[in-house]
2 protein chains.
Amino acid sequence: MTKSDSETLALYFSFFNEVGIIEQLSRALFEARLPDGFLASHFAVLNHLIRVRDGQTPLVLARAFQVPKTTMTHTLSVLEKHRLIEMRPNPKDGRSKCVWLTAAGRDFRNNAIASLGPDIAEFAKQFPPDRIEALVPGLTDIRQMLDAARDED
Amino acid sequence: MTKSDSETLALYFSFFNEVGIIEQLSRALFEARLPDGFLASHFAVLNHLIRVRDGQTPLVLARAFQVPKTTMTHTLSVLEKHRLIEMRPNPKDGRSKCVWLTAAGRDFRNNAIASLGPDIAEFAKQFPPDRIEALVPGLTDIRQMLDAARDED
DNA sequence: ACTATATAGTGCGATATCGTATTATATGCA
DNA sequence: TGCATATAATACGATATCGCACTATATAGT
């Protein structure tokens, strides 16, 4: 026999609940490794600019992180204040700007990643890579579905 | 041959990255179903009071959600302002209070869950329950490990 | 070209989250 | 008992996030 509707609902509910708790706990542990006053949102932008490419516009970044553009404006202003990025005019659009990394921005990101190494190694002792590999594809599928659902608005 | 250290690091990194994106997207979709002005954090407290039990203290709730107690004070004050909970003195401790649900609070939570039904059903068509079942145990293990890591402080 | 509409970025106000400090009460120990 | 310390909740200030509205520039339709 199959599960009841309410059991199914509870199953999905527990999934999103676990995801929410893991996000919160892992973010707190991660932010404890960042220099004082910096948050995961700041790191995320720097990391994205290195992993993908810098020179992107604030709006493109806002969409990449699924945050309102006002939020991205604020995040970028913090990074710029600390000289981790530079904002330059967009030569292709007079309304727009481009976000470029500074050397200090690259260092900040690389130091943050390096400082995570021991934590990841410790975690990997308890939860080995093959178990992570078994989870990621499913999560990626779900992320893409939710992303598509958002675009339907 | 085994993966290099940097490959392993990238694997764990991608796991937490996917978790973070899923949390953000699912929370946004969920909050769109809540009455205007209410956030997932408000719902989460009401849901906890029903699922576990009400009459708990603010500090116990703060620990359950892994948030600073000042954050819980604020969340509870919002719920109390809307008459979704009641704060009463703790008969066992003069410094403390107990948080009790009102009928309106129970209704709010039940309505929120009911309004999620169609969304879950739609999602279940694309990502069936057995695939969710395959993910939850691993996530639960990870959540418990992170929880334990936090307690070591 | 001219005008209407759309888009990029930001200013501003509201709420959320979090750290620090404060107050009231409880607990432990001499 | 009396005092030092610990704990529960909150006040307060700082920053983050977000919605709304505004300005400047670009694009589309005529």
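Below, chain A is the first sequence line, B the second, and so on; all start at residue 1.
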[N], OP1 or OP2 - any side-chain N/O from [X] closer than 4.0 Å?
| X | N | value |
| --- | --- | --- |
| B/T73 | D/dA9 | no |
| A/H74 | D/dA16 | yes |
| B/S96 | D/dA9 | yes |

Where the side chain of [X] meets the backbone of [Y], is there a donor-acceptor pair that is under 3.5 Å apart?
| X | Y | value |
| --- | --- | --- |
| A/Q56 | A/R53 | yes |
| A/D54 | A/L101 | yes |
| A/N17 | A/F13 | no |
| A/S96 | A/D93 | no |
| A/T71 | A/V67 | no |
| B/N47 | B/F43 | no |
| A/T102 | A/R83 | yes |

Grab the N/O contacts between the protein and nucleotides 1-4 of chain C below 3.5 Å, and write none if there aren't any.
none

Rounded to whole angstrom units, what separation is found between the [atom1] atom of [X] and the [atom2] atom of [N]?
| X | N | atom1 | atom2 | result |
| --- | --- | --- | --- | --- |
| B/R63 | C/dC18 | CZ | P | 16 Å |
| B/F38 | C/dA14 | CZ | P | 18 Å |
| A/M87 | C/dT10 | CE | C1' | 10 Å |
| A/L79 | D/dT17 | CG | P | 11 Å |
| A/L34 | D/dT15 | CG | C1' | 15 Å |
| A/E31 | C/dT17 | CD | P | 14 Å |
| A/L61 | C/dA8 | CG | P | 13 Å |
| A/K69 | D/dC20 | NZ | C1' | 11 Å |

For B/F123 and A/F16, I'd like to know if the aromatic rings sit close, meaning centre-to-centre distance below 6.0 Å. yes
Could you check which residues of residues 40-49 of chain A get a heavy atom under 4.0 Å from DNA chain D? Sort them by number, please. A/S41, A/H42
Side chains of B/T140 and A/E18 only: does a donor on one sit below 3.5 Å from an acceptor on the other? yes
Go through the side-chain N and O atoms of B/D147 and B/Q66 and say whether any donor and acceptor fall under 3.5 Å apart. yes
Applying side chain to side chain contact (heavy atoms under 4.5 Å, CB included), can you list everything that pairs with B/L59, at least two apart in sequence or on another chain? B/T57, B/R63, B/K69
Lys/Arg N to Asp/Glu carboxylate O, A/R33 vs A/E31, below 4.0 Å: no
Identify whether the distance between the nearest side-chain nitrogen and carboxylate oxygen of B/R131 and B/E133 falls below 4.0 Å. no
Encoded 5' to 3' (Watson-Crick or G-U under 3.5 Å; [ ] crossing; | other strand), DNA chain D becomes ||||||||||||||||||||||||||||||
Heavy atoms, side chains only, cut-off 4.5 Å: are B/M87 and B/S77 in contact? no
What is the nucleic acid contact for B/S77, judged by heavy atoms within less than 4.0 Å: base, sugar-phosphate only, or nothing? nothing
Given A/L116, A/D119, A/V136, A/I120, the one that forms side-chain contact (heavy atoms from CB on, under 4.5 Å) with B/Y12: A/I120
Pairs under 3.5 Å (N/O, protein and nucleotides 25-28 of chain C):
residue: C/dA26; atom: OP1; partner: B/G94; partner atom: N; Å: 2.9
residue: C/dA26; atom: O4'; partner: B/R95; partner atom: NE; Å: 3.4

Detail all sub-3.5 Å separations between protein N/O atoms and N/O atoms belonging to nucleotides 12-14 of chain D.
none

What is the distance from atom CG of A/L34 to atom OG of A/S115, rounded to the nearest 0.5 Å? 7.0 Å
Between B/T75 and A/L76, whichever has its closest DNA chain C nucleotide further toward 5' is A/L76
Yes or no on ring pair (Phe, Tyr, Trp, His ring centres under 6.0 Å) for A/F108 and A/H42, after CA distance, side-chain angles and deciding distance? CA-CA 10 Å; A/F108 184 103; A/H42 304 133; 8.3 Å; no
C/dG9 base to A/K97 side chain: any donor-acceptor pair below 3.5 Å? no
